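Quick caveat: nothing in here was measured; it's all calculated off a predicted structure. The figures here come from the full heavy-atom set of this structure, side chains too, leaving out hydrogens, waters and symmetry mates.
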Amino acid sequence: MLEIGDYTRHQVTGLIGQVVGYGHEVVQGVYVTTLKVREISNGSQDRSRFLEDVYSEWVRVEIEEVPTTLSSESGKSEVALQA
């Protein structure tokens, strides 16, 4: 189970973030658990983007280095992921 503070990747969009909370959503009359995730790699220290989707859409990732800014000179991401 993903816990608050874990890093995760959305299986459909590929967006990466840190779990900050849990929620729920009603789908066809059934409550399903959602994850609330603060996106990383957006390059802005002043703003955060928060994402929420059903728990089953997220997978845990190990991040070796969390980027603080994105380099405009490099096309490569500064985040190393291990699934």
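The two atoms that bring D6 and M1 nearest to each other are OD2-O, 4.1 Å, heavy atoms only. Across Q11 and S56, no two heavy atoms sit closer than the pair NE2-O, 2.8 Å. For the pair V19 and E3, the tightest heavy-atom approach, listed with the atom from each and the gap, is CB-O, 3.5 Å. Residue I4 comes nearest to Y22 through the heavy atom pair N-OH, 3.6 Å, listed as atom of the first residue, atom of the second, then distance. T8 and V59 get closest at one heavy-atom pair: OG1-O, 2.8 Å.
Between the side chain of Y55 and the backbone N or O of L2, at least one donor-acceptor pair lies under 3.5 Å. With hydrogens and angles disregarded, no donor-acceptor distance shorter than 3.5 Å links the side chain of T33 to the backbone of H24. Remark: the backbone N or O of G5 is paired with a side-chain donor or acceptor of Q18 at under 3.5 angstrom.
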Evaluate V37 against H10 for side-chain contact (heavy atoms from CB on, under 4.5 Å), listing each step before the verdict.
CA-CA 10 Å; V37 175; H10 194 272; over 6 Å; no
Chi angles and distances behind the side-chain contact (heavy atoms from CB on, under 4.5 Å) call for E39, F50:
CA-CA 6 Å; E39 182 184 13; F50 291 87; over 6 Å; no
After noting the C-alpha distance and the side-chain angles of E25 and T34, does the key distance pass the side-chain hydrogen bond (donor to acceptor under 3.5 Å, both in side chains) rule?
CA-CA 7 Å; E25 184 176 313; T34 62; 5.8 Å; no
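Put simply, CG on L51 and NZ on K36 are 12.5 Å apart, with the number rounded to the nearest 0.5 Å.
Note on W58: it does not cluster hydrophobically with V54, by side-chain heavy-atom contacts below 4.5 Å among ILVMFWY residues.
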